Amino acid sequence: MAEMSDTVAGRSRAAARDRLDAAGASAAGLDVRRALQLGLAAIWLLDGVLQFQSFMFTKAFGQMIGATSSGSPVIVSHAINWNAALVEHHLVLLNAIFATVQLLLGLGIAYRPTVRLALAASIVWALGVWWFGEGLGGVLSGAADPVNGAPGAVIIYALLAVLLWPSDRPSGAPAPFVAARAVGAQVARALWLVLWGSLAYFALTPANRAPQALHDMIAGMASGEPGWLAALDKHSAALVAHQGLAASIVLAVALAIVAVGAYLPAPVAKATLVLAIVLAAVIWVVGEGFGTILTGGGTDPNSGPLLALLALTYWPLAAAGTPRADRSVADERPEGITA
Amino acid sequence: MSIPVWILDIFAAVMLLVAAVSAGQLVVARAWTRAGARDADIALSHLLMGVAMAGTLVASLSTLPNAAWIVIFAVMTAWFAWYLWRETRGQGAGALVSGHHAPHLLHSAAMLYMFAALAGPASGGGAGMAGMATGASGGMQTLHAPTLALVFALLLIAYSVRDVDRKACADGYFHVVGRHVTPAGPALATAAAGVTGQGGPAGLAGGGDSAVATMVQPEAAEVPSGDLVTGPVNASPPERLLLSPAVVKGCRVAMGVTMAFMLLIMI
C-alpha cells in the first residue's frame, strides 16, 4: 500500500514538475526587446568579469588608459591623464570598483525589477568611460579605426541602452523594429546612419588607408593569441598587404551600404543587416581578436558583438512588432514610479 | 602583480556559502529518502563545485588532488548528460538549451575542463590547484586550449543572465520534495494540480521569490485525507529560506559567474 502510494506520489510529482517547468517557461517567455536586453546584460557581465583579470591590476592598465590621450584635444587629454594618474595611484581599489560596477550593471539589466535603473546607470557609466577612459574612441584624434573598435565600444553600450529602453512611444503605430520602440523610427534610423556612416568615414582616413595600415593592424593582433587565431590573423594580414587603399574603399562602401540600409524597404534592409552582422563578426575575429580576451589582456569584448547586437535591434518586425503585442514583463512600470 | 588575494577570498567565501547552502538543502529536503532524492544530484553537484572552486581560489581551502576532481566532474558530466539526453527524448532538441539539467551539465563540463586543462605552475603539486595566485613562479595558473575556456565562459554568462531574468520558481529544484504535508491518495493529485496547475503555480510562483517550493511527501501526511494543505506546514523559516527558489537561483547565478571569472582569469 505504501509502495502504491509512493508510486502515485511519484507520478504526481513528475507531472507537477512538468507543469511547473512549462509554467515557468511561459512566465519567463521573452519578447524580442527583452532578449536583446539580456544580450546587452551578458556583454556587460562579461565586461565586468574581464575587468577582474590580473592584467587590470597592474600599472599597465593605467598606462593603457593614458595612451588613449595621444592626439586628443586638450579637454579630452587632460581628463584622460587625470584618470590615468588616479588609476595608477589607487589601482587595486579603483579597478575592483570598476569591475564590480560593470558586473552589477549586467546583473541589474538582467533582473527585471532593476532594468530601468541599470540601463540608466549604464548610459552614465559608458559616457564617463568613453571620455575619461577611451579618449572618445579616438574620434577626435584621427586614431579611430572601424576594424579595431571605433568609435569606442563603450559608446555602443550607451546607444544600445537608449534604444532598448523599456518604454514605448505613445504614437500607437506599430514599431517597424525594436530600436524604434523607445525613440521612434526616425531618431533610431538617424542614429544608425550616424554610427555606420562615421565608421565608413573612419575607414577612409589617411591613417587607415595607408598601404600597410590594415596589414600592420591585423598582423599586430596575432601576438599572444592562440595558434589558430594567430595563424588566421597572419593570413588575413597577408591578404591585405600593400592593399590598404583598396581594402579601405571596399570596407567603406560596405559600411556605407549598411548605414543607408535602415532607410530601405524591409527585404533590402534585412540584407544590409545581415551584411552588418557579417562585418561585425569579421571585425571581431580578425580585427579585434575577440577583444584580445584570449591574450588575457582584453578589458572588454570590443565592438564586434555590440555592433551585431545593434544590428539585431533594427531587424524588421512582423505583426509582433506592435508595442502592445511585443510588450515584455520588464516593460511594466514598477509601482511607485511615474512618468 | 596578480589579482589581489582579498578578491579571490571573496569569491571563495561565496563558493563556500553556496556549498553550505547546498549541504543544508540536502539535509532539509531529506535527500536521502526516496521522495527527496529527485534533485539531490543537483544540490550535491553544487556542494562539490563550491568546495572545488573555493579550493582552487584559495590554496588553504584545497581538499582533493586534481585527479580526484577530474574523476568526480567526469562522472557528474556523464550523469547530467544522460539526464539531458532523456529530456531531449521527451522535449526535443530544445531541451539541450532549456532543459532542466542543461545548466548543470554545463557547470559540470566547465569544471571538468578547468581541472583537466590546468597548465599552471602548481599543477604538479598535491592537493587541488593550490590556489590561483600562489603558483610556484608566483604567477597565475593558466589553462590549455584557452579558446574552450572562452566558450565555456560565454555560455556560463549566458545561462547566468537567463537565470537572473527568469522567475525564481521557474527552474528551482526541490519542487517536490521535503517536509510539506499533503493528503495522500486521490487528494494528492488534487493538491499537486491545485498548486501547479490552475491559476499558475500559486503555491510556488505566486509566492514569488520568498515562496517555499511545494513539497509533497505522502509518508509524512499528518492531516485527514481530503484536507488540502498547500502551505508549508512543518518547515521552519530557515528551512523555507534554504529551499526557496530565490536561494536556489542565487546559488546557481553565483556559481556561474564565479566559474566564468575563474576561466577567464586563467586564460
Side-chain angles (χ1 to χ4, degrees), chain A residues 2 5-6 8-28 30 34 37-39 41-46 48-50 52-54 56-59 91-92 95-96 99 103 106-112 226 228-229 290 293-296 298 301 329-330, chain B residues 1-4 6-7 11 34-35 38 90-91 98 100 133 139-140 142 145-147 149-150 153-154 157-158 160-167 169-172 175-177 184-186 188-189 191-193 195-197 200-201 204-205 214 216-219 253 257 260-261 264-267:
Chain A
S5 178
D6 261 7
V8 172
R11 286 177 186 161
S12 298
R13 285 195 294 271
R17 146 69 61 53
D18 291 341
R19 281 194 293 272
L20 267 176
D21 288 344
S26 173
L30 293 179
R34 183 60 186 153
Q37 286 173 352
L38 293 181
I43 297 175
W44 268 119
L45 201 54
L46 175 63
V49 173
L50 288 172
F52 276 115
Q53 292 175 108
S54 55
M56 310 305 161
F57 290 97
T58 66
K59 286 196 179 297
L91 186 61
V92 172
N95 191 56
L103 216 57
L107 294 173
I109 294 170
Y111 187 52
R112 294 183 183 222
W228 69 272
L229 188 54
F290 296 107
I293 292 173
L294 295 172
T295 67
V329 176
Chain B
M1 183 179 181
S2 60
I3 299 172
W6 60 269
I7 290 179
F11 277 101
R34 182 174 174 182
R38 182 176 170 93
Q91 303 171 22
S98 58
H100 180 61
M140 293 295 296
T142 55
T147 309
L150 177 59
L154 293 177
I157 285 172
S160 298
V161 164
R162 169 179 168 270
D163 281 338
V164 173
D165 175 62
R166 296 180 78 188
K167 280 186 183 295
C169 67
D171 52 0
H175 285 307
V176 288
V177 298
L188 182 62
V195 167
T196 61
L204 299 158
T214 296
V216 179
Q217 191 164 329
E219 64 271 25
V253 170
V257 172
F261 160 76
L264 288 175
I265 65 175
M266 286 198 288
I267 281 179

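Because only heavy atoms are used, hydrogens play no part in the values below, and waters and symmetry mates are left out as well, while side chains stay in. These numbers were taken from a predicted model, which means no experiment stands behind them. Proteins get letters first, then strands, A, B, ... in listed order; numbering begins at 1 in each.
The two residues I7(B) and F57(A) have their closest heavy-atom pair at CD1-CZ, 3.4 Å. L107(A) approaches V164(B) most closely through the heavy-atom pair O-CG1, 3.8 Å. Between I293(A) and L264(B), the shortest heavy-atom contact is CG2-CD2, 4.0 Å. Annotation for I3(B) and Q53(A): closest pair CG1-C, 4.1 Å, computed over non-hydrogen atoms. Shown here for L45(A) and S160(B), the closest heavy-atom pair between the two residues is CD2-CB, 4.4 Å. Here the closest non-hydrogen pair linking V92(A) and P4(B) is CG1-CG, 3.4 Å.
The choice from A99(A), A110(A), A41(A) that makes the most heavy-atom pairs within less than 4.5 Å of chain B is A110(A).
Residue L50(A) holds its CG atom at 8.5 Å from CG of L150(B), rounded to the nearest 0.5 Å. Between the CG atom in D165(B) and the CD1 atom in I109(A) there is a gap of 12.0 Å [rounded to 0.5 Å].
For the pair T147(B) and L229(A), the minimum side-chain heavy-atom distance is 4.5 Å or more.
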